[in-house]
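These notes concern the structure reproduced below.
Every heavy atom of this structure was used, including side-chain atoms; hydrogens, water molecules and symmetry mates were not.
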Amino acid sequence: MRPQPGLMLVMTVFLGIAGAAFAAAQSTPQPSPADLIKAVIHNELSTSTPEARWKYLLDKEVDGKQETREVIETKSGSLDRLISSAGKPLNDAQQHEELQRILQVSHSRDQQRKLEESRRKDAQQCDAFLKMIPDAFVFQYSGERSGEGDHLIKLTFRPNPAFQAPSREAKVLREMAGEIWVDARQQRLVSIRGQLLNEVRFAGGLLGHLEKGGTFRVKRGEIAPGQWETTEMEVNMQGKALLFKTISVRQKELHRNFSRVSGDLTIADAAALLMKESLVAAKR
């Protein structure tokens, strides 16, 4: 599963949790929630296709600021192009600025190295998070829903009081509860919604805190046979950072119009594609 950009303090709750392992015959005993989660976490970690890369549109709103970007994934990280801001297409000056930025990245080994390091770090953090899930929460079955071609299972989750958070970010999991829907046939996450039950304090509050009541919502979809990606995300958190600086995490994302690109695509290749499309857009 490929991680999405965002604040690391809450990003771990966005990328994968849970699933369902009982698409078997009706006579087969239903696994316990704990066994179900372990099976799904294994599935999420082992069914990703590293060579699967995508181009898509990202509609993003952060603290009321709206923008749309075209994103191209490569083996060294993602490169994007701003195509609209506040619902309006870029003017000539903005188009030129974007072209220069993309061109600079395509010729800078240092910036490309930073993209690769960021991609690798995010992947490592997401894998570590997924491995904590069976111990971090207590799950229980809560319903199911069948539709056209799918069978969805609902589970609720709450903090496991025995869970020992191994990192500062993991402390968030100890105060989180919510619900998830999973695809029973493929054992993949369909959606997850959660809320902070209590305030989360870091280093006794010296390094900041997140306020009680913060929420998040993530939706995922099968964009190609066996290929699942995050399609929607919404975060609403409040708190304070170091030196009493107020932080507000109000973010919405919509990922749409996915199309497959070569798994061997480089940053330079992605830059060339984005610059070409930017020039085409400028002539319209």
message = According to side chain to side chain donor-acceptor pair (under 3.5 Å), who are the partners of S118, at least two apart in sequence or on a separate chain?
response =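 S118 satisfies side chain to side chain donor-acceptor pair (under 3.5 Å) with no residue once adjacent residues are dropped.
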
key: Listed partners of N198 passing side chain to side chain donor-acceptor pair (under 3.5 Å), at least two apart   =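 N198 satisfies side chain to side chain donor-acceptor pair (under 3.5 Å) with E175 once adjacent residues are dropped.
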
State whether the side chain of [X] and the backbone N or O of [Y] hold a donor-acceptor pair below 3.5 Å, judged by distance alone.
{"X": "E232", "Y": "K219", "value": "no"}
{"X": "K171", "Y": "R201", "value": "yes"}
{"X": "D135", "Y": "F163", "value": "no"}
{"X": "Q112", "Y": "S106", "value": "yes"}
{"X": "Q100", "Y": "E97", "value": "no"}
{"X": "S46", "Y": "H42", "value": "yes"}
{"X": "Q251", "Y": "V235", "value": "no"}

query = Within a radius of less than 6.0 Å around CZ of R193, do more than 12 heavy atoms belonging to other residues, nucleotides or ligands occur?
reply =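 At most 12 heavy atoms, drawn from other residues, nucleotides or ligands, come within 6.0 Å of this atom.
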
Rounded to the nearest 0.5 Å, what separates atom [atom1] in [X] from atom [atom2] in [Y]?
{"X": "I72", "Y": "D80", "atom1": "CD1", "atom2": "CG", "result": "9.5 Å"}
{"X": "I180", "Y": "F137", "atom1": "CD1", "atom2": "CZ", "result": "9.5 Å"}
{"X": "R250", "Y": "E234", "atom1": "CZ", "atom2": "CD", "result": "10.0 Å"}
{"X": "F157", "Y": "I192", "atom1": "CZ", "atom2": "CD1", "result": "4.5 Å"}
{"X": "L173", "Y": "N160", "atom1": "CG", "atom2": "CG", "result": "11.0 Å"}
{"X": "N236", "Y": "Q195", "atom1": "CG", "atom2": "CD", "result": "10.0 Å"}

Contacts of E61 that satisfy salt bridge (Lys or Arg N to Asp or Glu O under 4.0 Å) - sequence neighbours left out =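 Residues passing salt bridge (Lys or Arg N to Asp or Glu O under 4.0 Å) with E61: none at all.
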
query = How about L265 and R53: do any of their side-chain heavy atoms sit closer than 4.5 Å?
reply =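 A side-chain contact is absent here, since even the closest heavy-atom pair is not under 4.5 Å.
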
Student check: side-chain heavy atoms of E277 and E70 closer than 4.5 Å =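 Counting from C-beta outward, E277 and E70 do come under 4.5 Å.
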
ask   = Do the charged groups of D127 and K131 touch, with an N to O distance under 4.0 Å?
value =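 Result for this pair is no, no salt bridge flagged.
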
ask   = Between R120 and E116, is the closest basic N to carboxylate O distance under 4.0 Å?
value =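 Here E116 pairs with R120 in a salt bridge, since their nearest N and O are under 4.0 Å apart.
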
Test ring pair (Phe, Tyr, Trp, His ring centres under 6.0 Å) applied to F258 - qualifying residues, sequence neighbours left out =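 Scan of F258 (ring pair (Phe, Tyr, Trp, His ring centres under 6.0 Å), adjacent residues dropped) gives Y56.
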
Looking only at non-hydrogen atoms, find the nearest pair between [X] and [Y] and report the distance.
{"X": "S108", "Y": "Q111", "value": "OG-N, 3.1 Å"}
{"X": "G226", "Y": "R188", "value": "O-NH1, 4.0 Å"}
{"X": "L189", "Y": "V182", "value": "CA-CG1, 4.4 Å"}
{"X": "L82", "Y": "R101", "value": "N-NH2, 4.4 Å"}
{"X": "T231", "Y": "G221", "value": "CG2-N, 3.9 Å"}
{"X": "I267", "Y": "L79", "value": "O-CD2, 3.9 Å"}

task = Using the side-chain contact (heavy atoms from CB on, under 4.5 Å) rule, take T266 and T74 through it: C-alpha gap first, then chi angles, then the decisive distance, then the call.
result = CA-CA 6 Å; T266 65; T74 79; 5.8 Å; no

inquiry  = Could you go through Q186 and W228, starting from their C-alpha distance and side-chain angles, then the distance that decides it, and tell me whether this counts as side-chain hydrogen bond (donor to acceptor under 3.5 Å, both in side chains)?
reply    = CA-CA 10 Å; Q186 297 193 50; W228 289 71; 3.2 Å; yes

query = Can you pull the salt bridge (charged side-chain N to carboxylate O under 4.0 Å, His left out) pairs that have at least one residue in residues 152-162, sequence neighbours excluded?
reply =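 Residue pairs with at least one partner in residues 152-162: K154-E179.
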
request  = Any salt bridge (charged side-chain N to carboxylate O under 4.0 Å, His left out) involving residues 264-273? Give me the pairs, sequence neighbours left out, ordered by first then second residue.
outcome  =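 Applying salt bridge (charged side-chain N to carboxylate O under 4.0 Å, His left out) to every pair that reaches into residues 264-273, excluding sequence neighbours, yields nothing.
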
Hydrophobic clustering (ILVMFWY, side-chain heavy atoms < 4.5 Å, transitive) - are [Y] and [X] grouped together?
{"X": "I153", "Y": "V138", "value": "no"}
{"X": "M233", "Y": "L254", "value": "no"}
{"X": "L197", "Y": "F216", "value": "no"}
{"X": "I83", "Y": "L103", "value": "no"}
{"X": "M275", "Y": "L115", "value": "yes"}

task = Would you check, one step at a time, whether the test side-chain contact (heavy atoms from CB on, under 4.5 Å) holds for M176 with L196?
result = CA-CA 5 Å; M176 191 171 289; L196 288 178; 4.0 Å; yes

message = side-chain contact (heavy atoms from CB on, under 4.5 Å) for V190 and D150? Distances and angles first, verdict last.
response = CA-CA 11 Å; V190 174; D150 60 27; over 6 Å; no

request  = Kindly determine whether R69 and E98 satisfy side-chain contact (heavy atoms from CB on, under 4.5 Å), including the steps that lead there.
outcome  = CA-CA 11 Å; R69 292 181 177 270; E98 275 296 285; 4.1 Å; yes

